[in-house]
Amino acid sequence: MAKKDLTAYSICSDARAMIKKAREDGVETVWDRLEEQEPQCGFCELGLSCRNCIMGPCRIDPFGNGPKRGVCGADADVIVARNFGRMVAAGAAAHSDHGRDLVETLHAVAQGQTTDYGVRDEAKLRRIAAEVGLEVEGKDVKAVAAALADQFYEDYGFKRGSMSFLGRVPAKRQEVWKKFGITPRGIDRDVVEMMHRTHMGVDNDAVSLCLHAARLSLADGWGGSMIATELSDILFGTPAPATAKVNLGVLKADHVNILVHGHSPIVSEMILAAVRDPGLIAKAKAAGAAGINLAGLCCTGNELLMRQGIPMAGNHLMTELAIVTGAVEVVVVDYQCIMPSLVTVAGCYHSRIVTTSPKAHFTGATHVEFDMHNARQKAIEVVELAIERFTARDQGRVDIPGEPVDIMTGFSNEAILTALGGSAGPLLDAIKAGQIRGAVAVVGCNNPKVKHDYQNSNLIRECIKRDLLVLVTGCVTVSAGKQGLLMPSAADLAGPGLSAVCKALGIPPVLHMGSCVDNSRIIQLCGMLANALGVDISDLPVAAAAPEWYSEKAATIGLYAVASGVFTVLGLAPPILGSKAVTDLAVSGLEGVVGATFAVEGDPVKAAELIDARVRAKRKALGLTP
Ligand code: BF8
Ligand code: SF4
């Protein structure tokens, strides 16, 4: 068991209380396992180990005393670039395969193969279809949906030669991509090509590998992720501002508690429908509960929060701790970021982990497979299991820490434009006037290597102080929300310009824009602002940060942000430091290629200073006050 002082693990009181309870209950957590792993492999940390073939595994000595090349002759630069390329490919694959599930759902809706799902935002369906060049006049909703699904299917291959949403990319950015040969061609094609290039004996040039990594990341950001976002809005509704609650206090001791965890709204929306079913509520009451309570974790939680105002129980490092409350009957998961340990933690209580995707089985979990033809029925089965589990709950072991905090959510681009009176004009005016000096996307995960939520929330505080509007997605949403930063009252913590704008509009200085695939909303917004000013995205006073990132998906997001022209600060170094060539490219060389770079800075004040310097330089170049 981890024995450091509780304050070392998290800034959150609910997390600390549950880490303490986990110790008392004999439950192992992510922090215990991290300690057990330490010291972690230095070769791997630097990206210098390779097991791409069985002449290996090989490793390069970073100090130059041992091997300088793998058995095949690959040097440090090639090994690091190959490893990073595969990391980015895995991240793009995860987002984009999630996007594909939404394309399949839209297709099934269009073909009348499911009645469980439907088009909730027909206006957006028609708007997007027209935007990507489809004929919509005089066509009924199913015909438009069928055509759009077919068009998006093609984005996964390379038949059309150009992806649907590249029209959203400013012309100057498209020229940059063309010049360096990094215009994405097809989501699956570019991911598969990275696997090909990184096989032994294919692409053996670090720069070439890194440029392809950039191309495939763009296939995710402007492709797979963007499709996931837009189709989720079409199928489940485009988010609009609303208020909700966050932290473990959203669990209710007298209710059946169900948590949704994972990423796709396809499952979580059905669970939401089932928990609202009067027959199931009556069953829960008959079992002695006051009702059924649904809350979210991680990104599928963000999906339900953005569209339905469903409360958020926690982010990545809160997932085990939510079960430790002893009050959770069922955690329903689909895929991504679900620690396999959850099954073990659930086994220490009466809780069950329910897996739903044929792609994501967990040994020891209860598998209730969802597909688009049976989803409603399967959701009912899951809720019935939760009610049955409630009868097995030991109330003596229940401890729900703290009171929930209010948050404001729902800032899709459509909602932001509406709040601004219909166009980006007022936002641009505020930027030009220096009231809002720039915008920063603070996104990504938690990582047990750093104090939970500390870097995420403090970087946000530092940015808003400097009159930088902050946009959040993913697990940072919960970090910010728990600190009260997602409420209009947080305007008091912002600099005078940002504060005044927020107060005039009644919005928080930190806008919640969704899940991690919804980072596509942020790059789309950047594209809109650049187009309105007639400049490239790299000319805008904007930046991104992933202060506590852990996942391959976050690496992909960081790279598509940079390749789109957005300076990006990572709180933890990616495993590239073993190659001087790759590291130099990441932190300086890319400036001359895509007009933006990465920086690595774990200290939130210093990270904010780096971002501030970037914003200053960009404002100056645009002829604006710093
Ligand atoms: O896609 S922020 S820990 S939950 S990877 Fe995962 Fe990171 Fe959370 Fe969502 Ni994103
Ligand atoms: Fe070693 Fe080369 Fe095989 Fe990698 S690809 S394991 S460096 S021989």
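In listed order, ligands and their atoms are each counted from 1. What's counted below: heavy atoms across the whole structure, side chains too, no hydrogens, waters or symmetry copies.
The Arg82 neighbourhood of ligand 2 comprises atoms 2 (Fe), 4 (Fe), 5 (S), 7 (S), with distances under 4.0 Å to a heavy atom of that residue. Less than 4.0 angstrom separates some heavy atom of Met200 from each of these atoms of ligand 2: 5 (S).
Using cut-offs of 30° and 60° on the angle between ring planes, the pair Trp31 and His452 is perpendicular.
Ion pairing between a basic and an acidic side chain is recognised when a charged N comes within 4.0 Å of a carboxylate O; Glu269 and Arg307 show no such pairing. Under 4.0 Å is where a charged nitrogen must lie from a carboxylate oxygen, and between Asp61 and Lys68 no such pair does.
Between the side chain of Thr229 and the backbone N or O of Val517, at least one donor-acceptor pair lies under 3.5 Å.
Under 3.5 Å, the side chains of Ser579 and Asp77 contain a donor-acceptor pair of N or O atoms. Between the side chains of Asn446 and Asn315, a donor-acceptor pair is found at a separation under 3.5 Å. With hydrogens and angles left out, the side-chain atoms of Asn519 and Thr473 include a donor and acceptor closer than 3.5 Å.
Here the shortest heavy-atom distance to atom 1 (Fe) of ligand 2, taken over Pro67, Cys53, Cys58, belongs to Cys58.
Under a 4.0 Å heavy-atom criterion, Trp549 is not in contact with ligand 1. At a 4.0 Å cut-off, not a single heavy atom of Arg69 sits close enough to ligand 2 to count as contact.
Remark: of the listed residues Ile522, Val510, Asn456, Val510 is the sole one forming a side-chain contact (heavy atoms from CB on, under 4.5 Å) with Val472.
Looking at His199 against ligand 2, nothing comes within 4.0 Å, counting heavy atoms.
A cation-pi arrangement is present between Arg59 and Phe43, with the terminal nitrogen or guanidinium carbon under 6.0 Å from the aromatic centre and inside a 45° cone about the axis.
The SG atom of Cys445 lies 7.0 Å from the NE2 atom of His316; values are rounded to the nearest 0.5 Å.
Taking distances strictly below 2.8 Å, the protein N/O/S atoms close to atom 10 (Ni) of ligand 1 are Cys516 SG.
Among all protein heavy atoms, the one lying closest to atom 8 (S) of ligand 2 is Cys72 N, 3.3 Å. For atom 4 (Fe) of ligand 2, the closest non-hydrogen atom on the protein side is Cys50 SG, 2.3 Å.
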